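Quick note: residue numbers are just sequence positions, from 1. The figures here come from the full heavy-atom set of this structure, side chains too, leaving out hydrogens, waters and symmetry mates. Source: prediction; values computed, not measured.
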Amino acid sequence: MAEIKEKPGDQAKPGEPAVKDAPQPRSVRVVMMALMVTILLAMLDNMIVSPAMPTIVGDLGGMEHLSWVVTAYMLATAASTPIWGKLGDMYGRKGVFLISIVIFLLGSVLSGMAQDMGQLIGFRAVQGLGAGGLMVGVMAIIGELVSPRERGKYMGMMTGVMAVAMIGGPLVGGTITDHLGWRWAFYINLPLGAVALAMVTAVLHLPKKKAKGRIDYLGAALLTVGISSLVLVTTWGGTEYAWTSTVIMELIAIGVVSLISFVIVQKKAAEPILPLHIFRSLNFTLMSVVGFITGFVMFGAMLFLPLYQQSVQGASATNSGLLLLPMLLAMMVVSFFSGRFTTSTGKYKIFPIAGTVLMVIGLFLLSQMDTDTTRFTSGLYMAVLGAGMGCLMQITMLVAQNSVEMKDMGVASSSATLFRTLGSSFGVAIMGALFNSRVEDTMSERGGALGGKVTEQSAQLDADSLAKLPEAVRDAYQHAVSAGTHSAFLLGAVIGVAALVAALFVREVPLRGAGPKDSEPEGSGPAGSDKPVEDAAGDAAAAGPRATVAEVV
């Protein structure tokens, strides 16, 4: 068992590594196994549930409320993410992390027991509330246990778990639904969750913390309202309601007013939910921008690539996860390499730059796909995009965590996660709106009146359904999907340029834990602090004791 003990003398000092007693490799691996199980738990859920949705509707009814099964989960996750991070900073990460797992499992059990669509939506919100703390908890705990310099070793492992979930989730979900019933799409979380709870309880021991102030309830409420309004705008805009409708305009107004009020409250709060001073670090702010755009692009790609391959290239929807294999494998391999390189050299600036360049090139190549593009060619294009994502997925979190004091590790992790989540919401909404517009226009031009009816049912058109259409209509629909894909990915490439500009301004501040040979240059503070040396000692004291692995039993 890995024993994590508090050592009063472990505070970082100017010019010294942040961790004097580096964790033993074996003990860290044991802890990482527990955390990887939790990441798998968080990532698998939506991937497994999605294939079960048609069966759920057939059993519970409530087709008109189907979207809320996903929306409720997404809202609760996004709104609770920054709050979980702050609670971990104030009261200790282990206890807060375990509570989030328990809430997630409770929501899973209740969702599996739901008797109607209203209950399922409510229980999915409970599940999402717990999910908001899972990924943030993992990232913050890793940030506390492992110095940024050493953290690169584990980046490939985290990306690999995410890739496995993305590829295997739909297959597992479909198999469970067909053989065990849709309720087991939720119950399957229980054995994984039990393993995560047992392992985290047994192997992870962190110093207990005592909060000096009260939770900023007003700030939490304002942030929740603001985030929820923005997520609803991106979820409903162009689908449930027109972008210029009263409902969307009101939600935008509520979101803007809430977030402005939140900023004002944070300036006066004793324990702000999201301390604004973390944005004084240029690197943290830049990584927030890059993370937002990465989420924008990645989830947009994962939405439209399977649609293109099914509608235009005739691929089967059953193996939808496998369609993304070139992108996910490239992402995993490059993430592993970039992590190892960062650990061995302490250098990382090259990866945000290379990643954004590859991301822009990959998106541009994907925008050139048409009805004659082969699967091999599209696979190569996806690999380029995946390589770019591999450079960015974990580096953005690494640099963000290295840019703040230890006492703000939780809010830094939650903020980075939140920006990526919001980016994915905006990406799906904006790229989706452009895609749908181009599909409708092209179908009107090529398909006539029948083309309009096909467009209305486009979400239900798989390869078999397309084969039954008249050849002229099928050809028109394939051209329409190609046109929509072209516009969506071209927009992604343009947005990606903004991430490239942000990456160019990243400062390569030495990673904490780099050792004397890589210590910060004269006149700078501790690695990642972006503060003068005279302020460094105070920051180290404020950061409090750092957890270290003292023994392996």
Side-chain angles (χ1 to χ4, degrees), residues 159 162-163 166-167 170 290 292-317 319-335 352-393 420 423-439 441-442 458 461 463 477-500 503:
T159 305
M162 295 178 185
M166 292 175 186
I167 295 171
V290 173
F292 179 90
I293 295 175
T294 300
F296 187 105
V297 168
M298 180 177 178
F299 285 89
M302 291 183 66
L303 174 65
F304 297 115
L305 281 172
L307 179 59
Y308 169 84
Q309 291 187 307
Q310 292 171 37
S311 301
V312 179
Q313 296 181 331
S316 169
N319 299 322
S320 58
L322 298 177
L323 301 175
L324 300 174
L325 196 58
M327 183 177 75
L328 296 175
L329 281 178
M331 183 175 70
M332 185 168 58
V333 170
V334 172
S335 179
I353 296 175
T356 49
V357 169
L358 288 171
M359 181 173 71
V360 171
I361 292 174
L363 288 166
F364 179 77
L365 291 174
L366 289 171
S367 73
Q368 304 306 303
M369 295 189 302
D370 54 28
T371 55
D372 297 322
T373 303
T374 64
R375 292 191 191 181
F376 178 78
T377 301
S378 61
L380 289 178
Y381 295 168
M382 282 191 282
V384 175
L385 177 61
M389 293 297 177
C391 291
L392 297 172
M393 282 295 291
R420 187 176 297 177
S424 67
S425 296
F426 278 88
V428 170
I430 297 174
M431 294 174 74
L434 185 59
F435 175 88
N436 291 333
S437 177
R438 284 301 305 272
V439 168
D441 291 344
T442 305
S458 59
L461 289 179
Y477 183 71
Q478 290 176 335
H479 277 86
V481 171
S482 295
T485 303
H486 168 78
S487 298
F489 284 125
L490 195 59
L491 172 65
V494 173
I495 298 295
V497 173
L500 173 58

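Although no hydrogens or angles enter the test, the distance criterion places a donor-acceptor pair under 3.5 Å between the side chain of T294 and the main chain of V290. Although no hydrogens or angles enter the test, the distance criterion places a donor-acceptor pair under 3.5 Å between the side chain of T373 and the main chain of D370.
In terms of the side chain to side chain contact (heavy atoms under 4.5 Å, CB included) criterion, V333 has no residue partners (sequence neighbours excluded). Y308 meets the ring-ring contact (aromatic ring centres under 6.0 Å, His included) test with no other residue; sequence neighbours excluded. Under the side chain to side chain donor-acceptor pair (under 3.5 Å) criterion, S482 pairs with no residue, sequence neighbours left out. Under the rule for a ring-ring contact (aromatic ring centres under 6.0 Å, His included), F364 has no partner lying at least two apart in sequence or in another chain. In this structure, the ring-ring contact (aromatic ring centres under 6.0 Å, His included) partners of F292, at least two apart in sequence or on a different chain, are F426.
Within the model, atoms CD of Q368 and CG of L365 stand 7.5 Å from one another, a figure rounded to the nearest 0.5 Å. Atom NE2 of H479 and atom OG1 of T442 lie 9.5 Å apart (nearest 0.5 Å).
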Show me the side-chain donor-acceptor pairs of residues 486-495 shorter than 3.5 Å, one per line, residues at least two apart or across chains.
from: H486; atom 1: ND1; to: S367; atom 2: O; distance (Å): 2.5
from: S487; atom 1: OG; to: R438; atom 2: NH1; distance (Å): 2.6
from: S487; atom 1: OG; to: A483; atom 2: O; distance (Å): 3.3

Side chains of residues 378-389: which donor-acceptor partners sit under 3.5 Å, not counting sequence neighbours?
from: S378; atom 1: OG; to: Q313; atom 2: NE2; distance (Å): 3.4
from: S378; atom 1: OG; to: T374; atom 2: O; distance (Å): 3.3
from: S378; atom 1: OG; to: R375; atom 2: O; distance (Å): 3.0

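The nearest pair of heavy atoms linking G496 to V360 is C-CG2, 3.5 Å. Of all non-hydrogen atoms in L307 and V481, the two that sit nearest each other are O-CG1, 4.5 Å. The nearest pair of heavy atoms linking F296 to I430 is CE1-CD1, 4.0 Å. In terms of heavy-atom proximity, C391 sits nearest to V334 at SG-CG1, 3.5 Å.
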Requested in this report: Start with the C-alpha gap between L366 and F304, add the side-chain angles, then the distance that decides, and say whether side chain to side chain contact (heavy atoms under 4.5 Å, CB included) holds.
Outcome: CA-CA 10 Å; L366 289 171; F304 297 115; over 6 Å; no

Report task. Start with the C-alpha distance between M431 and L434, add both sets of side-chain angles, then the distance that settles side chain to side chain contact (heavy atoms under 4.5 Å, CB included), and finish with yes or no. Result -> CA-CA 5 Å; M431 294 174 74; L434 185 59; 5.8 Å; no

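Under the 4.5 Å side-chain criterion, counting only non-hydrogen atoms from C-beta, L392 is not in contact with M298.
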